[in-house]
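Notes follow the structure.
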Amino acid sequence: MSFQVKILLLSFATSVAISLIVIPLLRKLKVGQSEREDGPESHLKKKGTPTMGGLILITATLLLSAFLYIDYSVDEPLIATRLLPMIFVTIGFGIVGLVDDFKKVVLHNTEGLSPKAKMIGLILIAVTYVCMLVFVFENGTDIVIPFMDKSITLPIYIYIPFAVGVIVATTNAVNLTDGIDGLSTSVTTIILTCLTVISIIWNIKSTTIFGSIVIGSELGFLLFNLHPAHIIMGDTGSLLLGGAIAGIALYLKLPLLLLIIAIIPVIETLSVIIQVTYYKKTKKRFFKMAPIHHHFELMGWNENKVVSIFTIVTLLASIVGVLSV
């Protein structure tokens with residue numbers, strides 16, 4: 001059995017075990033989800049569902065990353081060291097989301113982190129990650145152009161703000177995708193699988209290892225996140241997954257590929273931008289509700305149909321993505 005399959009299965013088992021402990025604990029502590037009153041009526045029954053489920057992803061990812069870092073430090077220390085920046089950006093974003101969720105759910109501060117404070121936190125982590133790649137690990141400032149079999153090298157003063165923008169934009173896009181049971185988890189699992197498959201093809205072991213860790217953790221979490229969800233990931237999980245996707249994509253020099261394989265988060269983001277812009281100009285709504293997954297719900301699609309179709313679209317886009325590089 002190949003090493004990445006072993007890592008994925010171990011991560012999956014760890015995530016399931018942690019879920020079986022964390023979900024009853026959060027339910028006992030009444031760490032429950034609140035729902036928008038103007039949202040789909042079917043969502044009102046979700047009120048009280050345990051949230052902050054990203055804690056499961058943080059814990060599983062940290063445990064497996066620490067275990068594999070120690071294991072690889074003995075025989076392949078370079079690979080172990082190269083895991084560190086991806087662990088940093090992923091867990092760092094998860095912690096920002098955790099603080100936000102904690103303030104909302106535990107401290108009952110409905111505002112959570114202020115948008116300014118959250119953005120400052122995300123930008124600081126993103127800048128640190130990009131600087132680690134460029135100056136510490138000398139990963140270069142070149143990016144691969146899909147379908148063209150070539151790459152371009154950006155000046156460092158352009159690359160750093162560009163890369164930071166990619167990380168922050170990806171994270172917020174994944175955050176917007178989280179709104180239906182199992183949607184964000186399913187979509188991001190496929191995106192991460194695509195990036196991990198490319199890592200395997202290119203024989204880049206560090207991103208293969210880390211991708212396998214996060215995929216396994218997500219699949220374990222997904223068992224409890226499918227409709228009807230027993231737990232919701234909250235910002236803790238969505239920011240963590242956005243950080244993992246952007247971090248691996250930049251490590252592989254594939255930020256432009258996200259426009260293809262992350263097509264659903266891209267569309268979700270565009271739907272919000274269109275809705276806000278259109279409403280400001282006309283005082284009318286372009287969509288029944290944004291992000292767009294709620295639009296389809298209000299058109300009569302049930303949650304499973306939305307998740308299934310969005311997942312299939314992501315799978316097809318990921319196949320195209322693999323072929324493009």
Side-chain angles (χ1 to χ4, degrees), residues 2 4-5 7-9 11-12 15-16 53-54 56-57 60-61 86 90 93 146 166 169-202 204 207-227 229 233 237-252 254-270 291-293 296 301 303-325:
S2 59
Q4 58 264 28
V5 175
I7 292 170
L8 191 150
L9 291 176
S11 180
F12 171 80
S15 181
V16 171
I56 296 166
L57 297 174
T61 300
M86 289 179 286
T90 302
F93 275 30
V166 168
T170 302
T171 305
N172 281 286
V174 171
N175 186 238
L176 289 172
T177 308
D178 182 33
I180 291 179
D181 294 349
L183 176 59
S184 185
T185 316
S186 300
V187 167
T188 55
T189 297
I190 294 174
I191 295 169
L192 283 165
T193 301
C194 174
L195 292 170
T196 304
V197 167
I198 292 171
S199 299
I200 294 170
I201 294 170
W202 289 359
I204 303 176
T207 48
T208 300
I209 292 168
F210 191 71
S212 300
I213 290 172
V214 183
I215 292 165
S217 299
E218 279 201 86
L219 289 174
F221 177 80
L222 185 59
L223 289 181
F224 306 92
N225 185 232
L226 288 171
H227 183 70
M233 69 168 63
S238 59
L239 295 186
L240 177 146
L241 293 174
I245 289 169
I248 294 174
L250 283 169
Y251 198 105
L252 293 173
L254 291 173
L256 297 181
L257 187 67
L258 294 178
L259 294 173
I260 300 172
I261 66 175
I263 185 63
I264 291 299
V266 169
I267 291 172
E268 297 273 19
T269 304
L270 289 175
I292 200 169
H293 55 259
F296 288 112
W301 292 18
E303 291 190 49
N304 287 333
K305 182 175 180 178
V306 176
V307 172
S308 298
I309 291 176
F310 281 31
T311 300
I312 290 169
V313 170
T314 304
L315 178 60
L316 293 174
S318 294
I319 292 170
V320 172
V322 172
L323 296 176
S324 73
V325 295

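Position 1 is the first residue of the sequence; numbering continues from there. Computation of the quantities below employed the complete heavy-atom set of this structure, encompassing side-chain atoms and omitting hydrogens, waters and symmetry-equivalent molecules. Everything numeric here is computed off the predicted structure, so don't read it as measured data.
Put simply, the side chain of Ile261 reaches to within 4.5 Å of the side chain of Leu195, judged on heavy atoms. Proximity of Ile260 to Leu257: side-chain heavy atoms (C-beta onward) are separated by under 4.5 Å at one or more points. A heavy-atom distance below 4.5 Å is found between the side chains of Val174 and Ser184. Contact annotation: the side chain of Gln4 never approaches that of Thr196 to less than 4.5 Å [non-hydrogen atoms, C-beta and beyond].
Closest non-hydrogen pair, Ile213 versus Ile7, comes out as CG1-CG2, 3.7 Å. Heavy atoms only, all atoms of each residue included: Gly220 and Val16 are closest at CA-CG2, 3.8 Å. Residues Leu252 and Trp202 approach most closely at O-CZ3, 3.5 Å, considering heavy atoms. Across every non-hydrogen atom of His293 and Leu176, the tightest pair is CE1-O, 3.2 Å.
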Would you list the atom pairs, donor with acceptor, under 3.5 Å between side chains in residues 237-251 and any protein atom, with sequence neighbours excluded?
from   : atom 1 : to     : atom 2 : distance (Å)
Ser238 : OG     : Asn175 : ND2    : 2.7
Ser238 : OG     : Gly234 : O      : 3.4
Tyr251 : OH     : Arg82  : NH1    : 3.0
Tyr251 : OH     : Ser206 : OG     : 3.4

For residues 310-321, which side-chain N or O atoms pair as donor and acceptor with protein atoms under 3.5 Å away, sequence neighbours left out?
from   : atom 1 : to     : atom 2 : distance (Å)
Thr311 : OG1    : Val307 : O      : 2.6
Thr314 : OG1    : Phe310 : O      : 2.8
Ser318 : OG     : Thr314 : O      : 2.9

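Remark: Ser199 pairs with Thr207 by the side chain to side chain donor-acceptor pair (under 3.5 Å) rule, at least two apart or across chains. Evaluation of the side chain to side chain donor-acceptor pair (under 3.5 Å) rule for Thr177 yields no partner, not counting sequence neighbours. Under the ring pair (Phe, Tyr, Trp, His ring centres under 6.0 Å) criterion, Trp301 pairs with Phe296, sequence neighbours left out.
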Under the side-chain contact (heavy atoms from CB on, under 4.5 Å) rule, what do Leu219 and Ser15 come out as? Steps first, then yes or no, please.
CA-CA 8 Å; Leu219 289 174; Ser15 181; over 6 Å; no

Go through Ile201 and Val322 one step at a time and tell me if the side-chain contact (heavy atoms from CB on, under 4.5 Å) criterion holds.
CA-CA 10 Å; Ile201 294 170; Val322 172; 4.1 Å; yes

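With rounding to the nearest 0.5 angstrom, the CG atom of Asp181 is 6.5 Å from the CG atom of Asn225. Atom CG of Leu183 is separated from atom CG of Leu226 by 11.0 Å, given to the nearest 0.5 angstrom. Taken from CD1 in Ile180 to CG in Asn304, the straight-line distance is 9.5 Å, to the nearest 0.5 Å. If you take CD on Glu268 and CG on Asn172, they are separated by 13.0 Å, rounding to the nearest 0.5 Å. Atom CD1 of Ile198 is separated from atom CD1 of Ile204 by 9.5 Å, given to the nearest 0.5 angstrom. In this structure, the separation between CD1 on Ile215 and OG1 on Thr193 is 3.5 Å, given to the nearest 0.5 Å.
Sorted by first and then second residue, the pairs that involve residues 212-223 and meet side-chain hydrogen bond (donor to acceptor under 3.5 Å, both in side chains), not counting sequence neighbours, are Ser11-Ser217, Thr188-Glu218, Thr189-Glu218.
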